[in-house]
K.L.:
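Pasting in a structure now, in structure tokens, and then I'll have a few things to ask.
The chains referred to below are lettered A, B, ... by the order of the sequence lines, with proteins before strands, and numbering in each begins at 1.
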Number of protein chains: 2
Amino acid sequence: MGRWAPGARGRLAEAALELYGEHGYEQTTVAEIARRAGVTERTFFRHYADKREVLFDGAGALRDALVTAVAEARPETAPIEAVAAGLDAVGEVFVGRHAQSRRRQAVIAANPELQERELIKLASMAAALAETLHARGVAEPTAGLAAEAGIAVFKIGFELWVTAPEERELAQVMRESMDALRSVTATAR
Amino acid sequence: MGRWAPGARGRLAEAALELYGEHGYEQTTVAEIARRAGVTERTFFRHYADKREVLFDGAGALRDALVTAVAEARPETAPIEAVAAGLDAVGEVFVGRHAQSRRRQAVIAANPELQERELIKLASMAAALAETLHARGVAEPTAGLAAEAGIAVFKIGFELWVTAPEERELAQVMRESMDALRSVTATAR
DNA sequence: ACCATTGATGTCAGTGACTGTCATCAACGT
DNA sequence: ACGTTGATGACAGTCACTGACATCAATGGT
């Protein structure tokens, strides 16, 4: 065992979610989070770039899951179908995490700064998705539009899922949302 | 004439855009902006909630233009067509502002914090748009999806317009983007 | 002309997020 | 035994942002 208890990073993330939930994001100081995790404030900033980032540790993995699934779709798959496959993979990531997601979303919903951070994470997913589609041979601006549409479906689907009274399958909710998007954009001119 | 030169708010916005462009957003302090505008730092924060907000003074008017146009569309207009009408109205707002928009977008593109703020302004437009569609009788989650799709078209269309080598009409670019979205989501299953 | 009110600003002290720098010390390889 | 490495602590500093109070031109009523 080292000089310090291992897992400082995880303890910081846990302490932050607890404190943001208990007293609110603004009312919580980084010093408090660090104290609860048993480290100093300086150590917090060695693990997380800022006070918001501590809630978004999983964003990278989520983006990877999305991009990988899209990249691995059969080459002849239509862009929007590849995106749908990616959203399916994203849905898998959240299996068994409904309660945790709900708790986290409640914290984010209560603070604009956290919403901003969430939005830029989603924008990063959209950018990676567009790039992946482009690599599959989809031209711009179609790739960018398909990516933005996919993230829109994710946003709406995730919100439906996380606020639903009884737990459903996220992938299923997103499939329904994708169908709803198809319908609303398919209106005859 | 008053004790102070009038138009402090406008001078602050101008000074901020200049300094963010000259030295970068991070390297610019609020004290510098205030000095160039001929006021104190405290006065800056009386006009703008924070260092980022000074670049987004027009966001409210933009949202109003969008919402108004959508609300005023003929009742039998399909949701996506009402959204398209809203985007047309948004396009009008930028007529004659291509150079200024380009300058501003360059500043925003150079800094993640400013991108976050831009994203939450767009999210606010999406929320207002969804609410307006809902008031028109569009059910959820269709209203939310149509709104997100509309904002996606705005994002892509605006980016195309602002980075285009020669100036075009924004409303026209957005119409083309909307058509591209229709195409990509209309793929046979 | 006088005076109370109002509104925009200045002044100043304070909090807290975030950074740069150096010291410490267990673990690890040689 | 010893040098290196990596995570952490300690500490001073900058800057965004806020609260509280003072100032003073303009305004409007008397």
K.L.:
Report the residue (A:R42 or A:A31) whose heavy-atom-nearest nucleotide on DNA chain C is the more 5′ of the two.
P.N.:
A:A31
K.L.:
Hey, what's the ring geometry for A:W161 with A:H98, parallel, tilted or perpendicular (30° and 60° as the breaks)?
P.N.:
perpendicular
K.L.:
Establish, from distance only, whether the side-chain atoms of B:Q172 and B:R175 form a donor-acceptor pair under 3.5 Å.
P.N.:
yes
K.L.:
Determine whether any donor atom in the side chain of A:R46 lies under 3.5 Å from an acceptor atom in the base of D:dG6, or the reverse, and answer yes or no.
P.N.:
no
K.L.:
Whole angstrom is fine here: how far is it from CD in B:E113 over to C1' in D:dA16?
P.N.:
10 Å
K.L.:
Are OP1 or OP2 of C:dA8 and a side-chain N or O of B:H47 less than 4.0 angstrom apart?
P.N.:
no
K.L.:
Provide, to the nearest angstrom, the distance between the CD atom belonging to B:Q27 and the P atom belonging to D:dA16.
P.N.:
11 Å
K.L.:
Measure from CG on B:D50 to P on D:dA16 and round the result to the nearest Å.
P.N.:
11 Å
K.L.:
Would B:E53 and B:K121 pass as an ion pair if we require N to O under 4.0 Å?
P.N.:
yes
K.L.:
Could you tell me the separation between the CZ atom of A:F45 and the P atom of D:dT14, rounded to a whole number of Å?
P.N.:
18 Å
K.L.:
Not counting sequence neighbours, which residues clear ring pair (Phe, Tyr, Trp, His ring centres under 6.0 Å) with B:Y48? List them please.
P.N.:
B:F44
K.L.:
Separation of A:E41 atom CD from C:dT21 atom P, in whole Å?
P.N.:
19 Å
K.L.:
Just compare C:dA17, C:dT11, D:dG9 and give me whichever is closest to any side-chain atom of A:V39.
P.N.:
D:dG9
K.L.:
Is the phosphate of C:dC18 approached by A:R52 (side-chain N or O, under 4.0 Å from OP1 or OP2)?
P.N.:
yes
K.L.:
Which nucleotide sits closest to the side chain of B:T43: D:dT18, C:dT9, D:dA10?
P.N.:
C:dT9
K.L.:
Rounded to whole Å, how long is the line connecting atom OH of A:Y48 with atom P of C:dA17?
P.N.:
17 Å
K.L.:
For the pair made of CD in B:E26 and P in C:dG20, what is the distance, rounded to whole Å?
P.N.:
10 Å
K.L.:
Starting the side chain at C-beta, find the nucleotide from C:dA17, C:dG10, D:dG9 nearest to A:V30.
P.N.:
C:dA17
K.L.:
Is there a side-chain polar atom (N or O) of B:T29 under 4.0 Å from OP1 or OP2 of D:dT14?
P.N.:
no
K.L.:
Do you know the tightest heavy-atom contact between A:R97 and A:S101?
P.N.:
O-OG, 2.6 Å
K.L.:
When the distance from CZ of B:F44 to C1' of C:dT11 is rounded to whole Å, what number comes out?
P.N.:
19 Å
